[in-house]
Amino acid sequence: MLDMKLIRNDFEKAAELLKKRGVDKEEIARLKEIDERRRKLIQKSEKLKSKRNEVSKEIAEKKRNNESADDVIQSMQEVSKEIKQIDKELEKAEKETWDISTGLPNFPHESVPVGETEEDNEEVSRWGDALISRPGDEPKPHWDLGEDLGILDFARGAKVAQSRFLYYLGAGARLERALYNFMLDVQTKEHGYTEVITPYIVNDESMFATGQFPKFKEDVYELENENLTLIPTAEVPLTNFYRDEILNEADLPKYFTAMSPSFRSEAGSAGRDTRGLIRLHQFHKVELVKFAKPEESYDELEKMTRDAETILEKLELPYRRVVLSTGDMGFAAAKTYDIEVWMPAQNTYREISSCSNTEDFQARRGMIRFRREENNRIEYAHTLNGSGLAVGRAFAAILENYQQADGSIKIPDVLVPYMDGMEYITAEK
RNA sequence: GGAGAAUUGUCCGAGUGGCUGAAGGAGCACGAUUGGAAAUCGUGUAAACGGUCAAAGCCGUUUCGAGGGUUCAAAUCCCUCAUUCUCCGCCA
């Protein structure tokens with residue numbers, strides 16, 4: 001949710017910022033207009049209510065003195081009717097402002113490159129020898145490697161559930177578990193995050209606060225007749241942890257991490273990444289969430305992005321960092337870094353983590369606030385989220401980057417202890 | 001899933017139609033007292049929205065689990081829902 005005051009007081013600036021994100025100026029103008037109408041109605045209604053309260057006191061006074069108050073009561077009946085009428089109009093205006101304002105994306109940070117698509121994203125840095133393909137000239141894609149080794153089973157996933165679901169088997173299941181245990185260990189022991197196990201189903205209020213609702217309902221799995229949704233990311237339950245709460249300034253910053261399954265309907269992505277582990281309806285992710293003071297949130301974003309990158313460096317997987325353009329950023333984000341891991345078989349980098357500062361956008365929606373020590377005033381906190389990392393995509397990257405000429409997979413050194421000393425995954429007999 | 005009880009401010013807790021944003025207590029903050037502390041005394045101690053304002057502040061409206069209703073007027077009466085507790089059923 002945007003700060004309505006900025007739209008009111010500096011319309012041109014607000015409109016310009018939102019234009020970078022593809023929002024029509026007309027729409028902001030309409031919002032401003034309805035908001036003005038809304039506030040006029042509030043004033044009108046409150047004036048009458050103030051009168052009603054005053055006269056109510058008079059009536060009470062008279063009743064206590066056993067005097068008749070019939071005439072006053074009668075006039076108040078009229079006033080009450082009028083209040084009801086105005087409140088009805090007000091409700092309508094409120095719904096209209098709500099409909100527009102809840103659909104507006106966050107203002108982009110000034111450092112974000114302006115653009116319309118992912119083509120306009122800017123590479124920030126690279127790490128590792130991406131272009132040295134390891135086994136030979138023809139690296140195999142991870143889905144072939146996984147099926148040949150008998151550690152991934154897409155066919156049975158589709159049979160038992162649907163396409164874009166799968167089974168991990170034997171050393172594959174073990175590797176998945178090794179990966180997220182490793183990631184959680186690094187984030188908790190080296191980067192100071194508190195490990196959390198969250199609900200995997202959340203209510204509509206939570207989905208609203210983090211920005212998925214009302215605009216992106218088609219991307220998630222909702223339970224029928226329940227007001228409940230399977231989480232599309234642990235960002236939702238983690239960020240909502242402090243919804244409707246006021247924290248102490250001394251409590252900030254706060255770091256949480258959680259491994260969870262994530263459920264996405266992937267509506268509208270038919271035909272894209274249909275093979276392999278890149279785009280699934282259900283996948284594991286180690287999520288990072290921070291609550292920070294406004295003046296520190298961009299430093300925290302840099303640190304969080306490094307926290308994600310560290311995982312890839314320890315796994316010795318080549319990657320690059322890009323900063324998303326205004327056109328490619330998620331709805332709630334003010335600035336986002338994507339970390340893309342090298343996928344040799346596809347000869348390209350693929351997103352494996354996305355780290356965003358939403359500033360106070362989610363905090364406004366979820367009323368996540370803190371009290372300043374110096375003046376006791378209440379402010380919105382800034383919330384950040386990032387993947388640290390997407391486990392399935394890391395799995396895919398390991399298969400492709402660590403494949404050997406004989407089709408086996410070398411286990412990255414840091415994972416060997418998590419695999420009971422196993423150093424290679426070879427075909428199951 | 002069935003039956004019953006409950007839900008008031010940071011916490012405990014009073015309050016069945018009007019003078020209750022809400023008694024009383026605890027906690028917390030500040031001040032007095034003290035060599036310092038404890039005890040004691042005094043003062044203060046919610047949030048959202050709207051208006052005004054450079055700001056501090058001030059004014060108004062709303063909020064007693066949530067939403068709706070009755071009424072001139074609702075913490076208080078009615079309806080729906082949620083949550084918690086107890087008992088029964090089921091169950092990892």
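By convention in this document, chain letters (A, B, ...) are assigned in the order of the sequence lines, proteins followed by strands, and residues within each chain are numbered from 1.
- B:rA46 and B:rU8 have their C1' atoms separated by 13 Å, given to the nearest Å.
- With salt bridges taken as basic N to acidic carboxylate O contacts below 4.0 Å, none links A:Asp10 and A:Lys5.
- Backbone-only engagement by A:Lys49 is indicated by non-hydrogen atom pairs under 4.0 Å involving sugar-phosphate atoms exclusively.
- Salt bridge status for A:Asp35 with A:Arg39: present, with a side-chain N to carboxylate O gap under 4.0 Å.
- No engagement by A:Lys5 is indicated, since no non-hydrogen atom pair under 4.0 Å with the nucleic acid exists.
- For RNA chain B, the residues of residues 361-381 of chain A within the heavy-atom distance limit of 4.0 Å (strictly under) are A:Met367, A:Arg369, A:Arg371, A:Arg377, A:Ile378, sorted by number.
- Salt-bridge check for A:Glu340 with A:Arg350: failed, with every basic side-chain N at 4.0 Å or more from each acidic carboxylate O.
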query: According to the Watson-Crick and G-U wobble definition with distances under 3.5 Å, which dot-bracket string, read 5' to 3', encodes RNA chain B, using [ ] for crossing pairs and | for pairs with another strand?
result: ((((((((.[[[..)..(.....]]]((((((.......))))))(((((((....))))))).[[[[[..)....]]]]])))))))....

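- Residues A:Ile411 and A:Tyr424 approach most closely at CG1-N, 3.9 Å, considering heavy atoms.
- Separation of the C1' atoms belonging to B:rU43 and B:rC49 is 30 Å when rounded to the nearest angstrom.
- Taking a 6.0 Å sphere around CG of A:Leu223, one finds it holds more than 12 heavy atoms contributed by other residues, nucleotides or ligands.
- A:Ser265 and A:Asp219 share no donor-acceptor pair across their side chains, judged by distance under 3.5 Å alone.
- Between the side chains of A:Lys335 and A:Ser111, at least one donor N or O sits under 3.5 Å from an acceptor N or O.
- Protein chain A touches strand RNA chain B; the 5'-most and 3'-most nucleotides with an atom under 4.0 angstrom of its non-hydrogen atoms are B:rG18 to B:rA73.
- Distance check on atom P: B:rU45 versus B:rG24 gives 13 Å, rounded to whole Å.
- A tilted orientation is assigned to the rings of A:Phe165 and A:His281, their planes being inclined by 30° to 60°.
- With sequence neighbours left out, the side chain to side chain contact (heavy atoms under 4.5 Å, CB included) criterion links A:Phe241 to A:Phe256.
- For A:Glu61 and A:Ile246, each mapped to the nucleotide of RNA chain B holding its nearest heavy atom, the one lying further toward the 5' end belongs to A:Glu61.
- Screening residues 69-114 of chain A for ring-ring contact (aromatic ring centres under 6.0 Å, His included), with sequence neighbours left out, gives A:Trp98-A:Phe208, A:His109-A:Tyr298.
- Screening residues 276-286 of chain A for salt bridge (Lys or Arg N to Asp or Glu O under 4.0 Å) gives A:Glu266-A:Arg279, A:Asp273-A:Arg279, A:Lys285-A:Glu287 as the qualifying pairs, with residues at least two apart or on separate chains.
- Using a 4.0 Å heavy-atom cutoff across all strands shown, A:Arg8 reaches sugar-phosphate atoms only and no base atom.
- The residue among A:Met76 and A:Ala60 whose nearest nucleotide of RNA chain B lies closer to the 5′ end is A:Ala60.
- Distance noted for atom P between B:rU84 and B:rC90: 22 Å (whole Å).
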